[in-house]
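Structure, as structure tokens:
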Number of protein chains: 2
Amino acid sequence: MSQSKTDPRVLRTRKLIMDSFIQLSEKKEFKDITVKDITTEAMINRATFYYHFEDIYDLLEKVLSEVLLINLKGDQFENNEINEEGIITIFKAIANFQASLSNRCHRGYEDTIARIIRDQLEVIFYKMLLKQHNTEGDESLKVTAVMLSWGIYGASVEWRRNSNSITPQEYIKPAIPYLMSGIVLG
Amino acid sequence: MSQSKTDPRVLRTRKLIMDSFIQLSEKKEFKDITVKDITTEAMINRATFYYHFEDIYDLLEKVLSEVLLINLKGDQFENNEINEEGIITIFKAIANFQASLSNRCHRGYEDTIARIIRDQLEVIFYKMLLKQHNTEGDESLKVTAVMLSWGIYGASVEWRRNSNSITPQEYIKPAIPYLMSGIVLG
DNA sequence: TTTGATATGTTGTTTATCCAACACATTAAG
DNA sequence: CTTAATGTGTTGGATAAACAACATATCAAA
């Protein structure tokens, strides 16, 4: 696998853009952030932005997936097995992520963000299910992944609504046996 | 004055290098910091470093002057008049700067740093004296600037040795009348 | 409606940065 | 004394990023 590595300038520029976007998100709402704002903060040319991203929504999507992936890296996401510990880890990541980002700075864009998060979760769960059952092309695995992604995401929304009286772990733990026996392994 | 503005990439790269250097200085001593360390942290190529700086000492010098100038900008450095308030401001800048930077991370390089700071101070004082007396080419102004720079710098060293029982202002204030009447205006 | 101001995308040319390779110095280990 | 490893500093050819210019869209004020 000779994957000719990407130019360091590309990695640096993408990081500058993403970091600037995250930083701006802490001051303004998403709808008030322009491409010019981002490129000014990142000290790069506006044309360069379009060299890397289709538009500002493309950037949002990529930032969200990146943050999620980083939150899940180094934990059992690499283990590729669905188990109680893994689900709790993922749930914690989503819950904390929501609490830190989408909560405060993207009023009016929760739907978009929710869709992106669910899409990411779906991919992750589908990969894990494949590793566990290795029946490639099985449509039921995809459906299962869809349900898991909606379920976990929805739980994080409800957790946010109820807290801060309970931790993510405590909130999700009771439901896991049902998930494990009924859906995933049934 | 058509000063063809410098390429944004240049400004960005210099900032990345300087910021990385400052950040590394908070973890390592100066003598343990290599060019490779800096360029890795800054996400730029090592060759690019040499495009902007002669060597690591050149970088140190420029970082120090930049930090000093920034500390003094927006205050009465622009007023171009030597007075009690201005001297206190400068002294505070030096004292705080020492406390924050050269104190902890450059053991063994105090002499170099001291020289750089004094050089910067000398330039600043000379400019201020010129504005005040406008007798260009007068050698005595240069000597005065030299003495002021050594005096202020030395006072900051002594202040550091005695504190934290007293603020920079309180420390320097009693001496100012003598400076004003004896050296600057005498 | 018209006007001015501001944001979004796109394109050819110029330029700063990357890379690989090189010579040289320093330092530690065998 | 080698030898290996690591850091410094330089060079010519390849490429991402900057720039300027343009067309288009949006939106508030006249």
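This structure is a prediction, so every number in the text was calculated from the model and none was measured. Throughout, protein chains are lettered first and strands after them, A, B, ... in sequence-line order, and every chain is numbered starting at 1. Atom set for the values below is all heavy atoms of this structure, side chains included, hydrogens, waters and symmetry mates excluded.
Of all heavy-atom pairs between B:Ala145 and B:Glu122, the closest is CB-O, 3.7 Å. The minimum heavy-atom distance linking B:Met128 with B:Ile90 is given by the pair SD-CD1, 4.3 Å. In plain terms, the two heavy atoms of B:Ser149 and B:Arg118 that are nearest each other are CB-O, 3.6 Å. Considering every non-hydrogen atom in both B:Glu61 and B:Ile116, the closest pair reads CA-CD1, 3.8 Å. Taking all atoms of both residues into account, the shortest heavy-atom contact from A:Thr39 to A:Lys36 is OG1-O, 3.1 Å. The two atoms that bring A:Ile87 and A:Ile152 nearest to each other are CG2-CD1, 3.9 Å, heavy atoms only.
A:Lys173 is linked by a side-chain hydrogen bond (donor to acceptor under 3.5 Å, both in side chains) to nothing, counting only residues two or more places apart in sequence or in another chain.
In this structure, A:Gln169 places its CD atom where more than 12 heavy-atom neighbours from other residues, nucleotides or ligands lie under 6.0 Å away. B:Lys62 NZ: more than 12 foreign heavy atoms inside a 6.0 Å radius.
Under the 4.5 Å side-chain criterion, counting only non-hydrogen atoms from C-beta, B:Leu121 is not in contact with B:Leu148.
Relative ring orientation between B:Trp159 and B:Phe91 is described as perpendicular, the plane-to-plane angle rising above 60° on a 0-90° scale split at 30° and 60°.
Across all strands shown, B:Arg14 has no heavy atoms under 4.0 Å from either base or sugar-phosphate atoms.
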Quick one: side chains of residues 17-24 of chain A, donor-acceptor pairs under 3.5 Å with protein atoms, not counting sequence neighbours, listed by atom name and distance.
from, atom 1, to, atom 2, distance (Å)
A:Asp19, OD2, A:Lys15, NZ, 2.7
A:Ser20, OG, A:Leu16, O, 2.7
A:Ser20, OG, A:Ala42, N, 3.3

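Of the two residues contacting DNA chain C, namely B:Tyr51 and A:Ile56, the nearest-nucleotide position lying further toward the 5' end is that of A:Ile56. If A:Arg9 and A:Arg46 are placed on DNA chain C by their nearest nucleotide, the residue sitting closer to the 5' end is A:Arg46. Residue order along DNA chain D, read from the 5' end via each residue's closest nucleotide, puts A:Asp7 first among A:Asp7 and A:Ala47.
The stretch residues 37-45 of chain B comes close to DNA chain C through B:Met43, B:Ile44, B:Asn45, each having a heavy atom under 4.0 Å from the strand.
Side-chain polar atoms of B:Thr34 and B:Asp37 form a donor-acceptor pair below 3.5 angstrom.
Note that the two end axes of the helix from C:dT1-D:dA30 to C:dG30-D:dC1 enclose an angle of 40°, each drawn from 5 base pairs, rounded to 10 degrees.
Extent of DNA chain D lying under 4.0 Å from chain A heavy atoms, first and last nucleotide in 5' to 3' order, is D:dT15 to D:dC19. Chain B approaches DNA chain C over the interval C:dT15 to C:dC19, counting the first and last nucleotide 5' to 3' with an atom under 4.0 Å from its heavy atoms.
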